[in-house]
4 protein chains.
Amino acid sequence: MTSLPTPLQATALRRGRSRKTTERKLDLLLGSAAELIAEKGFEATAIRDVGRKVGASLAGMYYYFASKEELLHQIQYRTFASLLAAQEKAAAAPGSAEERLRRLLEGHLSFFARHPNEMRVCTSELRSLTGEYYRSVEEVRRRYYHLMADIIAELMSGPGRKARESVKSRRVTLFVFGMLNWVFMWHDPVKDGPVEQLALEMLELVLNGIGRRRSSR
Amino acid sequence: MTSLPTPLQATALRRGRSRKTTERKLDLLLGSAAELIAEKGFEATAIRDVGRKVGASLAGMYYYFASKEELLHQIQYRTFASLLAAQEKAAAAPGSAEERLRRLLEGHLSFFARHPNEMRVCTSELRSLTGEYYRSVEEVRRRYYHLMADIIAELMSGPGRKARESVKSRRVTLFVFGMLNWVFMWHDPVKDGPVEQLALEMLELVLNGIGRRRSSR
Amino acid sequence: MTSLPTPLQATALRRGRSRKTTERKLDLLLGSAAELIAEKGFEATAIRDVGRKVGASLAGMYYYFASKEELLHQIQYRTFASLLAAQEKAAAAPGSAEERLRRLLEGHLSFFARHPNEMRVCTSELRSLTGEYYRSVEEVRRRYYHLMADIIAELMSGPGRKARESVKSRRVTLFVFGMLNWVFMWHDPVKDGPVEQLALEMLELVLNGIGRRRSSR
Amino acid sequence: MTSLPTPLQATALRRGRSRKTTERKLDLLLGSAAELIAEKGFEATAIRDVGRKVGASLAGMYYYFASKEELLHQIQYRTFASLLAAQEKAAAAPGSAEERLRRLLEGHLSFFARHPNEMRVCTSELRSLTGEYYRSVEEVRRRYYHLMADIIAELMSGPGRKARESVKSRRVTLFVFGMLNWVFMWHDPVKDGPVEQLALEMLELVLNGIGRRRSSR
DNA sequence: GATGAATGAGCTTTCATTCAT
DNA sequence: TATGAATGAAAGCTCATTCAT
């Protein structure tokens, strides 16, 4: 999930040289932080603890971030940017609206399966970000929302009709995100099996739900 | 939403004297606390701030609860117990499975509309509870889950067949809770209108989704 | 040097009741802080050290001040307000301009002799204050400056002429403050004796210096 | 103000190589440091900030001095040594005592006008030096004090009499230093004009003050 | 000559909690 | 019932300094 360089990249990268090593460490660090934050929450997680976990000193952590909030932002921004990039590709690939929706659902769930901690942090700790940190993440979220909303609007506007978001399609979209984002509250890889199956069931519920009969698999 | 007395009732009540006045103040206090916690999160909310909000001193707060965690527990337990009681009544009232599901969805959403802060706290801060505090809330949640799961299983098992939870009905139930619990992330009373309509749309999606054709309103 | 209540009074007083005890402790605390700050500078003085000195815990200190800067402000504001009040009285009492100047010089030096630490802090750490903290102290200083400047202008404008600050009298005033404020860099009560004598010598230098012959004592 | 080599010369010079370039950079560095320290105080100034200001890395700064205290010492020692050298020349040049005093006052003020930051640091941060660092600067200061004290004693002991420091002349000397050192608290080149005029006014005050009539300019 | 990376020590501030009254 | 006073523990952050390169 190594991210694209952006104007909001981590302090460590802004510092300059030696991308390779620094970035590896940065990734380790963000991953460990995500794990702790996913478990105990952002406020309850001390930078000290993250440091301990990666074998770095407290002060050493601050070589990589300007503040605790920047750390949280890095996790959220990188995660969402990475998810968005993957999903934009999935949505752009050819196929029927049904097929594209299936790809989005599966893409989301499999991304979650690969990065559960990061996704948990994104879902639970958006409010812990403020100012520009908040805004920049919010923007990525909005783009992701529209990716999903457009396909659902297309499905609901019926064949031949112009796709446009309606009050109803907006809600269905939000229902879908609800289902997706709640998954991390209950999903157990052992008990629930691979996420592809989950995606199909969700797809079926939605397609039938909005009256687009879906030939069952 | 004044709660039933339980072995886990508030410190203030356990203390004994003059129920009436104490309880009024306790309600005010829990309501204000819920508002702050909903806004800033449990960890980020200081008891001092709750005190300031209700015009009590910091030390004075400790007359009403033994610890910050107990305060959180009171909010969650009372809220969930109150919601559960109402929903159990709704589920027990006569009517078809479809009708009972409708009542549950509407009941949940209208409860949320009346107690948004408390519900937010319940959804976001379950993990902040530990030990017996956690367990007792978890138990109420479980009972609530089964209330919903049973009706959905009944709907999915087909007429005449014995209702029993299957892998599939379990997931549909969790999808439904996802939709319900995500609502507070986006619902705007002004923009989205009364929750009854929302409940109907969700009901339609689910009934169609699981293949129970629903005569549209 | 217990101060007049003002809109800028200490956190502890703002808290309300029990003035007597609180104020005694507050005085002790400000005195001890002034001693440490005078010795090591504001930045180099840790709140911990002040606490240790008065037998209070670090956290206990924050019951009395909202911040380290407020502590510094209290010292400076109280000291200057107290000095100003005394000097305004000295300047208002009847007597020739020479006599009033003598009283001001002696008043300043004897105030310094009684509160050397506080005065040192005022002279050396004005720049450590910011915003409103700075402004409010600056205002008192300005009033004190004018008290001195007016008398010196009166002396320099000659008998019968209207007293008004000129470029020259402004400089003489600043020279006088230079002499006064530098005193704490070298004054040794043992070696230099009581400050009354010092005041007389400074007075003589100034009066002769500006051409107002002074009948020597 | 490039300094004489002394046993206390900067780390960088002690290191040996290529004097010229190193010294240029050292001067830049000390100048920038003086500016920051004059503005915010020694404790409040971080080496990092000095580095940033001159475009050097934090670690790079430590090539030029062994510790933060050495940096401060370099500023103070070089400044004072340079001032002392100039003033010793001024005092040694032929002329009446009045004339030599005039040269000292003007020399001091014009040195201040050329190096305001350095002089501010010398006046405000002497106490931040310890041990040998303190001692060595103190010694230069003492020599400077005596330069001034001797002339003033000469003026006060009357013609024909042996010049010797008396209690009175000591105080006048200290008054003079007070006036001189306070100047940086208020002097504004625009408002107050060139320092030569200032020196003359101070000279007049002092000469008249001690009873040495001075033919006004 | 110079720097990227790292850290120990220390700082200000906050906070849940206690207790005498 | 309620609060003023106080504190232990911990948090985020900064900084002078070091060292391998």
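Every chain is numbered from 1 and lettered A, B, ... according to where its sequence line falls, protein lines coming before strand lines. Please read all numbers here as calculations on a predicted model, not as lab measurements.
Going from atom NZ of D:K68 over to atom P of F:dT18 covers 15 Å, rounded to whole Å. Note: CG (B:L29) to P (F:dT1) measures 14 Å, nearest angstrom. Summarising the geometry, the separation between CG on D:L28 and P on E:dA2 is reported as 12 Å, rounded to the nearest angstrom. One interatomic measurement links the two molecules: CD of A:E43 to C1' of F:dA10, which rounds to 13 Å at whole-angstrom precision. Regarding D:L36, its CG atom lies at a distance of 12 Å from the P atom of F:dA16, rounded to whole Å. Between the C1' atom of E:dT14 and the NZ atom of B:K40 lies a distance of 12 Å, rounded to the nearest Å. If you measure from atom CG of D:L58 to atom C1' of F:dT17, you get 8 Å, rounded to the nearest angstrom. Spacing between atom CG of C:L26 and atom P of F:dA5 amounts to 11 Å, rounded to whole angstrom units.
A salt bridge is absent between C:D27 and C:R24: the closest approach of a Lys/Arg side-chain nitrogen to an acidic carboxylate oxygen does not fall below 4.0 angstrom. Using a 4.0 Å cut-off between charged side-chain N and carboxylate O, D:E132 and D:R135 make a salt bridge. Between B:K53 and B:E35 a salt bridge is recorded (basic side-chain N to carboxylate O distance below 4.0 Å).
Counting only N and O atoms by type, the side chains of A:E43 and A:S128 include no donor and acceptor under 3.5 Å apart.
Across all strands shown, the partner of F:dG12 is E:dC11, judged by Watson-Crick or G-U wobble contacts whose two distances both fall under 3.5 Å. Judged by Watson-Crick or G-U wobble contacts below 3.5 Å, the nucleotide E:dA20 has F:dT3 as its partner.
Toward the 5′ end of DNA chain E lies the nearest nucleotide of C:S67, the other residue of the pair C:S67 and B:S67 mapping further downstream. A residue-by-residue look at A:I47 and D:D49 shows that A:I47 has its nearest nucleotide of DNA chain F further toward the 5' end. Judged by closest nucleotide on DNA chain E, C:F42 is the one of B:A44 and C:F42 placed further toward the 5' end. Positionally, the nearest nucleotide of DNA chain F for B:G55 lies more toward the 5' end than for the other of C:G60 and B:G55.
Residue D:A46 has its side chain nearest to F:dC15 when only F:dA6, F:dC15, E:dT12 are considered. You'll find that the side chain of C:S57 is closest to F:dG8, out of E:dT17, F:dG8, E:dC15.
Between C:Y64 and F:dA5 there is no side-chain N or O to OP1 or OP2 distance below 4.0 Å. Of the side-chain N and O atoms in C:K25, one or more sit less than 4.0 angstrom from OP1 or OP2 of F:dA6. Listed pair D:Y63 / E:dA2 fails the phosphate criterion, with no side-chain N or O lying under 4.0 Å from OP1 or OP2.
A cation-pi contact, defined as under 6.0 Å to the ring centre and within 45° of the axis, is absent between C:K25 and C:Y63.
Applying the 3.5 Å distance criterion, the base of E:dG10 shares no donor-acceptor pair with the side chain of C:R48.
Among the atoms of the strands shown, base atoms are found under 4.0 Å from some heavy atom of A:A59.
Under the 30°/60° scheme for interplanar angles, the aromatic rings of D:Y62 and D:F65 are found to be tilted.
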